[in-house]
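Worth knowing before you read on, the calculation uses all heavy atoms, side chains too, and leaves out hydrogens, waters and symmetry mates. Every chain is numbered from 1 and lettered A, B, ... according to where its sequence line falls, protein lines coming before strand lines.
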Number of protein chains: 2
Amino acid sequence: MGRDRGGARQVAITIKDVAREAEVSVATVSRALNGRDNVAPEVRSHVQEVAARLRYVPHSAARSLITRRTQTIGALLPDMHGEFFSELIRGIDRAARAQSYHLLLSSSHGDAGETAIALQAMLGRVDGLLIMSPHADPGFVEEYLPPTLPAILLNPVHGHTRLPALAVDNRAGAYAMTRHLAHCGHRHIAFIAGPKGNLDAEERLQGYLDALRELLPGVEPQVVPGDFSEESGYRAGSLIARQKPLPQALFAANDSMAIGCLFALGEAGLRVPDDIALAGYDDIPSARFTQPPLTTVRVRIADLGGRAFDQLVALVASDGQTKAQLHSVQMLAPELVLRASCGMNGSKTTSPTPLEEKKRTQIEPDARRRSTSAIPKNR
Amino acid sequence: MGRDRGGARQVAITIKDVAREAEVSVATVSRALNGRDNVAPEVRSHVQEVAARLRYVPHSAARSLITRRTQTIGALLPDMHGEFFSELIRGIDRAARAQSYHLLLSSSHGDAGETAIALQAMLGRVDGLLIMSPHADPGFVEEYLPPTLPAILLNPVHGHTRLPALAVDNRAGAYAMTRHLAHCGHRHIAFIAGPKGNLDAEERLQGYLDALRELLPGVEPQVVPGDFSEESGYRAGSLIARQKPLPQALFAANDSMAIGCLFALGEAGLRVPDDIALAGYDDIPSARFTQPPLTTVRVRIADLGGRAFDQLVALVASDGQTKAQLHSVQMLAPELVLRASCGMNGSKTTSPTPLEEKKRTQIEPDARRRSTSAIPKNR
DNA sequence: GCGCGGACTGTAAACGTTTGCAGACCCCTT
DNA sequence: AAGGGGTCTGCAAACGTTTACAGTCCGCGC
């Protein structure tokens with residue numbers, strides 16, 4: 001079986017080899033292997049058997065040359081670190097494998113220029129593009145993206161774009177957390193803000209402000225500056241610890257700052273949550289290791305990636321026809337993770353609280369993608 | 001400029017369009033754009049100008065159909081979380097972009113079967129493969145991998161393989177850390193082990209045992225079981241805290257366990273490092289946030305990925321001829337990160353200590369790839 | 001003046017698929 | 001017995017490149 005072929009060195013098996021071996025034409029092989037219905041059943045199984053025996057793998061370049069499909073989508077991602085990045089990739093990758101698509105990755109783009117170059121390089125090789133670009137102006141995308149290539153933005157969008165987008169609803173998450181703190185009985189809730197230009201940071205701040213205005217009218221908001229770093233959280237924490245009337249609760253725009261803040265509060269002799277409640281945002285892994293464990297807002301990153309991928313494939317499949325319909329911005333609702341630091345829920349267990357519907361298009365809540373594993377695997 | 005073309009809907013620009021517009025043959029366009037030298041300079045620049053104006057992008061499938069190169073390498077990775085995964089990808093991606101290669105990613109493989117399927121799917125689409133498979137038997141790789149396709153393993157290898165491999169020298173790292181603890185004056189050093197079947201865990205244990213035997217002859221090793229989880233570290237810590245003669249130092253096979261252990265020691269009223277020194281392995285981000293910051297062993301993951309990629313491309317370029325030469329196992333030396341928890345170095349700053357040469361092939365130390373950023377970026 | 005070589009350019013084949021079209025065959029109906 | 005229809009199969013074109021080969025043109029040396 002599998003007779004030697006004349007040539008000097010072994011070249012890849014092609015459809016012709018299968019055809020010769022199975023004693024049919026290449027057209028029949030193609031039809032049999034691609035599941036067309038106009039093939040006699042016994043011929044089909046024979047061809048399949050021969051193909052398997054020869055370990056035939058279709059040459060994807062040849063195939064996509066004629067079908068004009070690559071079965072590949074590209075992901076253009078910025079320079080990201082840690083859990084956020086890996087979760088996003090995980091979600092995209094899972095969805096891709098489920099649809100038997102391939103994933104062409106290009107990450108670590110520092111600026112719009114790098115992203116544009118990477119975009120160029122991907123042009124012939126993908127059926128669609130997932131683009132995450134924190135750079136203020138996504139105009140370069142419209143500049144370099146061929147109008148026919150489906151693409152989905154993973155950004156918090158700010159203004160006009162002809163591309164559909166998917167984003168985490170930062171504002172809704174911050175709103176919900178603030179509401180939770182209010183429900184705990186806290187009235188004086190201070191907020192440690194993120195860096196100025198950052199869209200995520202500003203949306204979170206907005207959620208805090210909105211909730212305060214709507215749920216605790218008359219209470220003055222207090223915003224302490226920060227920049228998402230642990231150090232800035234530490235500084236904010238020691239500042240607040242010296243405050244004459246201590247706030248009842250402290251809400252940091254991300255977990256890193258909350259952790260830094262926790263250190264500062266501890267140094268000042270304040271106990272969390274007894275003397276002051278604390279909450280963060282992101283649910284980074286360290287959040288569950290702090291003492292006390294940190295109440296925070298979890299963002300289902302893997303879900304975000306998976307959903308974006310599925311939408312993109314739908315766009316690809318529809319050949320750009322549904323494009324007009326899907327030309328929208330969808331928001332993915334985050335969920336609260338209540339741990340001990342807010343004083344409400346002393347247990348260590350996670351109890352997700354679904355958020356209510358927020359403005360713009362909303363995604364139906366479902367949980368088909370598995371929850372992100374809490375404990376980091378080995379290593 | 002860019003005159004309308006007759007057809008109904010806009011199809012991609014091909015080399016023929018450029019040829020027609022530039023009034024030369026397609027062969028000349030190809031030669032001009034690919035930098036062949038047998039093209040008149042003025043013709044070349046004219047063609048380049050026209051191609052740019054038409055936004056011509058070569059159809060990569062057509063190109064690789066004939067060149068038999070895809071300019072793409074594939075990465076087959078297991079189901080990984082967090083920093084380790086993202087650093088690895090970052091390193092690979094950077095190297096890929098530097099060599100203008102594309103990266104086809106398939107991750108989250110739970111078992112050998114999934115990896116094999118993913119491998120199959122990638123077969124026609126990549127020039128080479130980077131494979132990381134923690135599954136005990138990499139035999140399936142040899143089974144499904146065409147003999148002509150260059151590939152590099154990212155595993156700690158255990159025994160025979162015809163593939164070149166690159167791995168982190170777990171044993172050397174554990175050895176160096178144990179030596180450091182001994183240099184600090186500790187003699188009774190206990191080790192919290194990782195899960196039984198795990199290769200990383202066993203290599204680390206071996207490093208500890210070797211160091212103890214060679215550097216502190218006569219001292220009895222103490223190995224406490226663990227499974228890499230924070231909980232198991234906690235259990236090990238409370239066990240040890242109750243010990244009659246307390247060990248002077250405690251070395252956990254990974255940081256998660258060290259952190260769990262730290263909690264347990266704290267609950268038992270023991271101060272680190274005054275009452276007992278503590279060290280971990282991996283340098284996960286949380287390691288620098290603990291109180292006191294954790295002394296640990298850092299693994300330059302991004303470097304590992306980048307090196308592996310560069311070697312793979314060299315293999316691809318050499319058309320498999322150097323394969324015999326490169327058929328080796330290279331070890332990447334980790335470095336110590338001394339923080340306060342070991343009692344030696346009270347400062348918070350990282351001071352990497354290069355390791356001495358260890359057995360097998362060793363990689364020349366260089367630091368061309370930038371250090372992994374310490375503080376997690378925004379989000 | 002003629003041939004020769006060098007520099008450049010064009011023609012066409014090849015890469016491995018998919019698929020429209022047409023042919024072959026068989027069975028059924030008339 | 002002839003024709004019609006259905007089912008299956010093969011032929012060959014097409015996809016967009018690269019590149020071997022065969023020119024063409026020009027200048028130069030004889």
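- Counting all heavy atoms, side chain and backbone alike, A:P150 lies closest to A:V316 at CG-CG2, 3.9 Å.
- Taking every heavy atom of both residues into account, A:L65 and B:A61 meet most closely at N-CB, 4.1 Å.
- One can place CZ of B:R125 at 21 Å from P of C:dC15, the figure rounded to the nearest angstrom.
- Put simply, CG on B:D37 is 13 Å from P on D:dT19, counting in whole angstrom units.
- We find that CZ of B:R20 is positioned 16 Å from C1' of D:dT17, with the value rounded to whole Å.
- Distance from the side chain of B:A62 is smallest for D:dT17 among the nucleotides C:dT18, D:dT19, D:dT17.
- Few gaps surround CD on A:Q120; more than 12 heavy atoms of other groups in view lie less than 6.0 Å from it.
- Within residues 38-51 of chain B, the residues that place at least one heavy atom under 4.0 Å from DNA chain C are, in residue-number order, B:N38, B:V39, B:A40, B:V43.
- Listed by chain and number, the residues in a side-chain hydrogen bond (donor to acceptor under 3.5 Å, both in side chains) with A:S25 are A:T28 (sequence neighbours excluded).
- The separation between B:D17 atom CG and D:dC15 atom C1' is 13 Å, rounded to whole Å.
- Across all non-hydrogen atoms, the minimal contact from B:M122 to B:S106 is CE-CB, 3.6 Å.
- In this structure, B:F309 and B:Y101 have perpendicular ring planes: the angle between them is above 60°, well past the 30° mark.
- A:R63 has no side-chain polar atom (N or O) that falls below the 4.0 Å cut-off from OP1 or OP2 of C:dG16.
- Summary of helix geometry: the two end axes of the helix from C:dG1-D:dC30 to C:dT30-D:dA1, each defined by five base pairs via their C1' atoms, are inclined to each other by 70° (rounded to 10°).
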Step-by-step salt bridge (Lys or Arg N to Asp or Glu O under 4.0 Å) determination, B:D310 to B:R307: CA-CA 5 Å; B:D310 290 344; B:R307 282 172 188 285; over 6 Å; no
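- Not counting sequence neighbours, the partners of A:A51 by the side chain to side chain contact (heavy atoms under 4.5 Å, CB included) test are A:V18, A:L33, A:Y56.
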Verify salt bridge (Lys or Arg N to Asp or Glu O under 4.0 Å) between B:R90 and B:D93, making sure each step is shown before the conclusion. CA-CA 5 Å; B:R90 172 191 318 280; B:D93 188 74; over 6 Å; no
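- Side-chain N or O atoms of A:S107 include none that pairs as donor or acceptor with a backbone N or O of A:L77 at under 3.5 Å.
- A salt bridge between B:R44 and B:D37 is absent, with no side-chain N of the basic residue lying under 4.0 Å from a carboxylate O of the acidic one.
- A straight line from CD1 of A:I15 to P of D:dA14 spans 19 Å, rounded to a whole angstrom.
- The side-chain hydrogen bond (donor to acceptor under 3.5 Å, both in side chains) check on A:R55 picks up B:E143, with sequence neighbours excluded.
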Filtered N/O pairs between nucleotides 10-14 of chain C and protein, under 3.5 Å:
from: C:dG10; atom 1: OP2; to: B:S25; atom 2: N; distance (Å): 2.9
from: C:dG10; atom 1: OP2; to: B:S25; atom 2: OG; distance (Å): 3.2
from: C:dG10; atom 1: OP2; to: B:T28; atom 2: OG1; distance (Å): 2.8
from: C:dG10; atom 1: N7; to: B:R31; atom 2: NH2; distance (Å): 2.7
from: C:dG10; atom 1: O6; to: B:R31; atom 2: NH1; distance (Å): 3.1
from: C:dG10; atom 1: O6; to: B:R31; atom 2: NH2; distance (Å): 3.3

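- For A:R68, the listed nucleotide lying nearest its side chain is D:dC15; candidates were C:dT18, D:dC15, D:dT18.
- Among the nucleotides C:dG16, C:dT17, D:dT18, the one closest to the side chain of A:L65 is C:dG16.
- If you take NE2 of A:H59 and C1' of D:dT17, they are 12 Å apart, rounded to a whole angstrom.
- Phosphate contact (OP1/OP2 of D:dT18, side-chain N/O of B:T67, threshold under 4.0 Å): absent.
- B:Y56 places its OH atom 7 Å from the C1' atom of D:dG16, with the value rounded to the nearest Å.
- Atom P of nucleotide C:dG16 and atom CZ of A:R69 are separated by 24 Å, given to the nearest angstrom.
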